[in-house]
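Structure first, commentary second.
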Amino acid sequence: MTTARRRRRQEALLPYLLMTPALVLLVGILYPFSLGLYYSFTSYWLQYPKRFRFVWFDNYISLFEETLFDRALQFTLGFTVVAVILQVGLGLAIALFLHSRIPGRAVLRALMLLPLMMPPVITALMWKIMMASTNAGILNYLLSFIGLGPVNWFGSPWGAIASVLIIDTWGNLPFVALILLGALQALPTEPYEAARVDGAGPMAMLRYITLPLLAPFIILACTFRAMDSLRIFDVIYATTMGGPNDATTNLHIMAYQFAFQWYQIGKGMAQAVVLLLLVVLVSYMLMRLWNQASERTRQ
Amino acid sequence: MRIPRRWISALLLTGIVATQVAPPAAAQESEALAYYRQAKINWRQAEGQSLTIGLNKHPFTESLLPLIPQFRALTGINVEYLILPEAEYFTKLAADLSQQRGEFSVIMTAPIRNWGYVIPDWILPLDGFLNDPKLTDRAWYNLEDFFPGLLASNRWSGKIGGGIGEGPLYSIPVLSETYILAYRKDLFDQYNIKVPTTLDEMAEAARQIKKNAGIPGITARGTPSVASIGTGFISGLKSYTDNQWGELDAQLKGNLHDPRSVKYTETWVNMVRESGPANWANVQWYDAMEAFTAGQAGMIADADFFAANYEDPAKSKVAGKVGYALLPAGPGGKTYASLSTWALGINKATKNKDAAWLFVQWATAQRTLLNATLGFRNYNPTRASVFNDPEVQKVMGSWGNGGYLKTVARNLETARVAWIPQPERVRLGDIWARSLHEIYFQRMSAADALKRADAEIDKVLKEADIRP
């Protein structure tokens, strides 16, 4: 074989070689996913291997008979809506604040990133200690100075919902603020100069220039947060385990309980697939909005 | 390089002193192993093999780990272990057992857990090992030394709805617990409160403590999980019904809606709502134990061996101030507490079965369990000889001015495994605990919540082919 032919052959192989890690990764993701999907159509129940059979959509249909399913679905959707509004709203406010000319801006930006560096489970456990139901918890102790509390954080349904929301918001707010701050810094300056010439005030500039230009980024942040909020697990698992009174049981916690606590793998996987479809549907809708907003901004 | 002479002298002197002062490690080890070598078996018959032990994070595990090097030295068997928190441990264990890969050779289990492992044929009966003279010196091992009730609870015939104490022995108990009432004797004396003997008196005592001392009158587990049912709650219920009631009826249908069960549940839940901690619905066993230890509750109805924690002056604010009593009795005047043991069993899929048995035999040998209790606080002992050892008696005898030992001994007279044997116990308990939350948060009456729980239990047991 001549050197030129050998080189040509090597060059032909190169793309496949470069793709190998991606292919391995794809198989690594696709295999468990396909297995889970397959199990969702079976009666797989760990303790009763002899009962294993293909049951078509039985697991999906039986979901509607589960007493827990209604509550789990309601909490999943309700939590997502509130968490996205809260986190994107506050994230936008923080981004606008850090974008303005304030002293110590660089330090504040660095400090803001701290929650992002902590694993969510650690964040949740830290808050769990701070949110002890009596004044032994630092949060209730601090609230007592302003005449509030003690709040029964994890021991009451609404307290538990609020706790999960606060912990999740604390951990993810910097991410939203960071996306929006980056976007703010990249916005063109001309529209602002023109508006200033026309005598527009700060509120008018925010409403008519900043927000429309930021819209694609806001929708992007909403998409990320919606996807994460729909399938939130770690914070709930480490703090309330879905209680009390199932108030913080979402579809993910429910799927975990069925699959890993009660070993009904078939049913657990069906619930996980429903959750996946929900995530895909919501992300698809938000991505369409994002496309429309991007188009508008370009025009 | 020239080494100064005085350095050499110092070095030699140090060596001489070291050999004179410290007893040779080999001699120490040999002395420790001599006890085991009295057994007429070849401990090194599986030399070179490897075992992985599955362990739950638990005081027993803490007491076992420091002793494992001794087993390695005795048998030449290599031992590795995986320790996980309880929920994760049982999930991992079920995954391993069901896949029949034999990753864990020896498992930490419990009689109530065995019911889920015997039906799919995942764990080995141990009688074959015990009766094989090549593997066990019965006279040396002295199985009869274990408290008969504890050993019996680890036997099961495989009959759903019964058969405890019959059929094969599936695991050997290493730690036992029954459930008693621990109360703040100082506060009870100070406010002239009577130690309760009925459920109503218990609720009243809780109320009095909260009113007078300003702390929760009682603390108890409250998370929506089987763990909140299986200790003080179920023991009290068994006693309240004079042991004439079970969570399933003869046809294996849910029996939580029985009027006696409804009345008991109503009183219990009202008691924890009125006089318990505000966060009862989120209280795990360690929260309850720690709250009582920190002086933040007047009573706790839970595992007897928590006393080791209450009475440890290094971490307890109530050491020496605690009284111990049986849980309130029913109309018949007797208490029927539940009983549980942690135990070691063998995975059927393990390749090194003999080595696994040698480990179980060593870990449950008299000397090992005595060392675990004396050296590392493995309470309560499961062997009579360990329980009655003068040193062990001295420690346990000091708790509650002797009240602890007396209460535990009386409790053991009537204590039995409270649950009805069937593999869906965890699921049933989770459903049951959820119904307590419905009642606690006043979303449903006790009668309705328990009736709904029964319907759910019936559905699950039918789906699992446990009942027709």
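All heavy atoms count here, side chains included; hydrogens, waters and symmetry mates do not. Below, chains carry the letters A, B, ... as their sequence lines are ordered, and counting in each starts from 1.
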Mind listing the closest non-hydrogen atom pair of B/Val460 and A/Trp45 along with its distance? O-CH2, 4.1 Å
Contacting moiety of B/Gln99, where chain A heavy atoms sit under 4.5 Å: side chain
Has A/Phe54 got more than 12 heavy atoms of other residues, nucleotides or ligands less than 6.0 Å from its CZ? yes
Could you look at B/Ala433 and say if it's the side chain, the backbone, both or neither that has a heavy atom under 4.5 Å from chain A? neither
Please flag which part of A/Asn152 lies under 4.5 Å from any non-hydrogen atom of chain B: side chain, backbone, both or neither. side chain
For residues B/Arg434 and A/Leu68, determine if any side-chain heavy atom of one lies less than 4.5 Å from a side-chain heavy atom of the other. yes
Heavy-atom pair with the smallest gap, counting every atom of A/Gly155 and B/Phe441: O-CZ, 3.3 Å
Heavy-atom distance under 4.5 Å to chain A: side chain of B/Asp430, backbone, both or neither? side chain
Using non-hydrogen atoms only, which part of B/Thr223 is less than 4.5 Å away from chain A: side chain, backbone, both, or neither? neither
Could you pull out the closest heavy-atom pair between A/Thr240 and B/Asn282, with the gap in Å? CA-ND2, 3.9 Å
Please say which of A/Gln261, A/Gln257, A/Gln264 ends up in a side chain to side chain donor-acceptor pair (under 3.5 Å) with B/Arg427. A/Gln264
Are A/Pro49 and B/Pro120 side-chain neighbours, meaning at least one heavy-atom pair lies under 4.5 Å? yes
Do B/Lys459 and A/Thr67 have side-chain heavy atoms sitting under 4.5 Å apart? no
Between B/Pro423 and chain A, which part of the residue has a heavy atom less than 4.5 Å away: side chain, backbone, both or neither? both
For the candidates A/Lys267, A/Lys50, A/Met241, A/Glu65, which exhibits the highest count of non-hydrogen atom pairs separated by less than 4.5 Å from chain B? A/Lys267
For side chain to side chain contact (heavy atoms under 4.5 Å, CB included), just list the numbers for A/Phe260 and B/Glu88, CA-CA rounded to whole Å, side-chain angles, deciding distance to a tenth of an Å, and then say yes or no. CA-CA 9 Å; A/Phe260 299 111; B/Glu88 287 75 18; over 6 Å; no
Would you please test A/Tyr48 and B/Ile466 for side chain to side chain contact (heavy atoms under 4.5 Å, CB included) and show each step? CA-CA 11 Å; A/Tyr48 313 101; B/Ile466 288 170; 3.6 Å; yes
Provide the closest heavy-atom pair for A/Tyr263 versus B/Phe90 in the form atom of the first, atom of the second, distance. OH-O, 3.1 Å
Pairwise distance CG(A/Asn245) to CD(B/Gln442) - rounded to 0.5 angstrom: 11.0 Å
